[in-house]
K.L.:
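Here it is, the structure in full.
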Amino acid sequence: MALPAEARALLTAPNFAFVATLQPDGSPQTSIVWVKSDEEAVYFSTLKDRRKYANLARDPRVSLIVQDPEDPQRYVEVRGRAALSDDPERTLIEELALAYTGKPFRQEAPDKVRVIVRVVPEKVVHYAGPGQVRHLS
Amino acid sequence: MAQLGDNARKLFDAKNFATVTTLQPDGTPHSSVVWVKTEDDEVHFSTTKDRRKYQNLQYDPRATVLVFDPADPYHYAEVRGEVTVEDDPQSVLINELSRKYTGADYTNDPPGAQRVIIRITPRKVVVRGD
């Protein structure tokens, strides 16, 4: 499915996204990430030694929330599956760092392996305030 | 049970919105935004019985709630644990939370809404960037 325009408008700098993955015992874990999106997917960067990478490598199901900075009660949730690919040139993290901070990303040890997480949406829900829920897909 | 800790408590006690993640019946994560408060080491939020997160928590009480400082998004706290659920027929908690976040009682519930209090007992508390 294509990512709706309402979702894309929020899934970009300077908004932070909250990403939920599944631990080995099936319980949820959340963390904060920088994101970008195109018509087909949401993208964020992580490292191979992070818990969310291990979680997504084992179970690709993911939920991602981004709030409207003008009104945090308005937000979009994207549920879908993550595809992982190595990012040895650190292309995505540098692109996101520039978008979010205006600067190159900090140095990382050479053994830190960057990964591109591509979340392909299966369900997109837009919450426009209390009681105003729209299923965009 | 883990202790909440002062750094996490400050983030939950401020007027910050939190994201709560529950599990769908098929195990898929589902997230939504809620108002929160703390009491002792617990994090409390309100929902209604027709909401997905209430139904999810009936199947599986495991949840995680994350809150961040909007002035410094790299400063955030995550509380993972299991929830207990209690009926709130007088809408005590939603009104308390509404006063905290908006300064007034809550007026958005349709007639017949069945409010419940959700309390997360922390099993694991993660604080970043404090």
Side-chain angles (χ1 to χ4, degrees), chain A residues 10 13-35 50-52 55-56 58-82 100-101 106 119 122-123 125-133 135, chain B residues 15-24 26-35 46-48 50-53 56-57 59-83 94 98 101-102 106-110 113 120 123-124 126 128-129:
Chain A
L10 290 179
N15 299 335
F16 288 69
F18 313 121
V19 59
T21 63
L22 297 166
Q23 305 270 58
D25 68 358
S27 64
Q29 188 253 8
T30 43
S31 56
I32 295 185
V33 294
W34 292 335
V35 283
R50 293 285 169 82
R51 175 58 70 97
K52 59 180 162 289
N55 284 350
L56 290 170
R58 192 190 56 256
D59 189 331
R61 294 178 296 175
V62 61
S63 165
L64 219 141
I65 271 200
V66 63
Q67 292 166 291
D68 183 340
E70 302 293 315
D71 179 359
Q73 288 193 94
R74 301 163 64 94
Y75 61 94
V76 165
E77 184 198 13
V78 176
R79 273 174 257 156
R81 282 170 198 268
Y100 279 80
T101 72
R106 64 170 182 266
V119 177
E122 292 174 358
K123 182 99 185 159
V125 185
H126 185 244
Y127 296 81
Q132 300 173 58
V133 180
H135 293 261
Chain B
K15 280 198 268 186
N16 297 322
F17 290 74
T19 293
V20 62
T21 302
T22 60
L23 298 165
Q24 308 264 57
D26 69 357
T28 307
H30 170 275
S31 301
S32 56
V33 174
V34 293
W35 291 334
S46 176
T47 189
T48 56
D50 60 350
R51 299 283 170 83
R52 178 57 71 94
K53 55 181 163 288
N56 286 348
L57 290 168
Y59 285 103
D60 191 328
R62 295 178 297 176
T64 176
V65 58
L66 180 143
V67 67
F68 77 109
D69 178 357
D72 176 14
Y74 303 94
H75 181 203
Y76 66 92
E78 184 198 11
V79 172
R80 288 177 228 152
E82 297 195 356
V83 306
I94 188 64
S98 186
Y101 283 84
T102 74
Y106 193 72
T107 56
N108 285 311
D109 271 343
I120 302 181
R123 183 186 298 277
K124 171 100 180 164
V126 180
R128 300 263 187 250

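None of these values were measured; they are calculated from a predicted model. Chain A is the first sequence line, chain B the second, and so forth, proteins listed ahead of strands; every chain is numbered from 1.
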K.L.:
Show the nearest heavy-atom pair for residues Leu23(B) and Ser27(A), with the distance to one decimal.
P.N.:
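Heavy atoms only, the tightest pair is CD1-CA, 4.2 Å.
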
K.L.:
Determine the interplanar angle of the Phe18(A) and Phe68(B) rings, folded into 0 to 90°, and report it as parallel if under 30°, tilted if 30 to 60°, perpendicular if over 60°.
P.N.:
tilted

K.L.:
Among Tyr76(B), Trp35(B), Tyr101(B), which has the most heavy-atom pairs under 4.5 Å with chain A?
P.N.:
Tyr76(B)

K.L.:
Of the backbone (N, CA, C, O) and the side chain (C-beta and beyond), which part of Gln29(A) lies under 4.5 Å from a heavy atom of chain B, both, or neither?
P.N.:
both

K.L.:
Check whether more than 12 heavy atoms from other residues, nucleotides or ligands sit under 6.0 Å from atom OH of Tyr74(B), and answer yes or no.
P.N.:
yes

K.L.:
Which distance, rounded to the nearest 0.5 Å, do you find between the CD of Gln73(A) and the OG1 of Thr102(B)?
P.N.:
8.5 Å

K.L.:
Does Tyr127(A) use its side chain to pair, donor to acceptor, with the backbone of Ser32(B) at less than 3.5 Å?
P.N.:
no

K.L.:
Considering non-hydrogen atoms only, spot the tightest contact between Glu77(A) and Ser31(B) and give its length.
P.N.:
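Heavy atoms of Glu77(A) and Ser31(B) come nearest at OE2-N, 2.8 Å.
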
K.L.:
Tell me, for Asp50(B) versus chain A, whether the close heavy atoms (under 4.5 Å) come from the side chain, the backbone, both or neither.
P.N.:
neither

K.L.:
Go through the atoms of Thr21(B) and report whether side chain, backbone, both or neither lie under 4.5 Å from a heavy atom of chain A.
P.N.:
both

K.L.:
Hey, is the main chain of Asp25(A) close enough, under 3.5 Å, to the side chain of Arg62(B) for a donor-acceptor pair?
P.N.:
yes

K.L.:
Is chain B contacted by the side chain of Ile32(A), its backbone, both, or neither, given a heavy-atom distance below 4.5 Å?
P.N.:
both

K.L.:
Could you check whether atom CZ of Arg58(A) has more than 12 heavy atoms from other residues, nucleotides or ligands sitting under 6.0 Å from it?
P.N.:
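Correct, the count exceeds 12.
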
K.L.:
Just so I know, are the side chains of Arg61(A) and Pro29(B) near enough to count as touching, which here means a heavy-atom distance under 4.5 Å?
P.N.:
yes

K.L.:
Side chain, backbone, both or neither: which part of Thr48(B) has a heavy atom under 4.5 Å from chain A?
P.N.:
neither

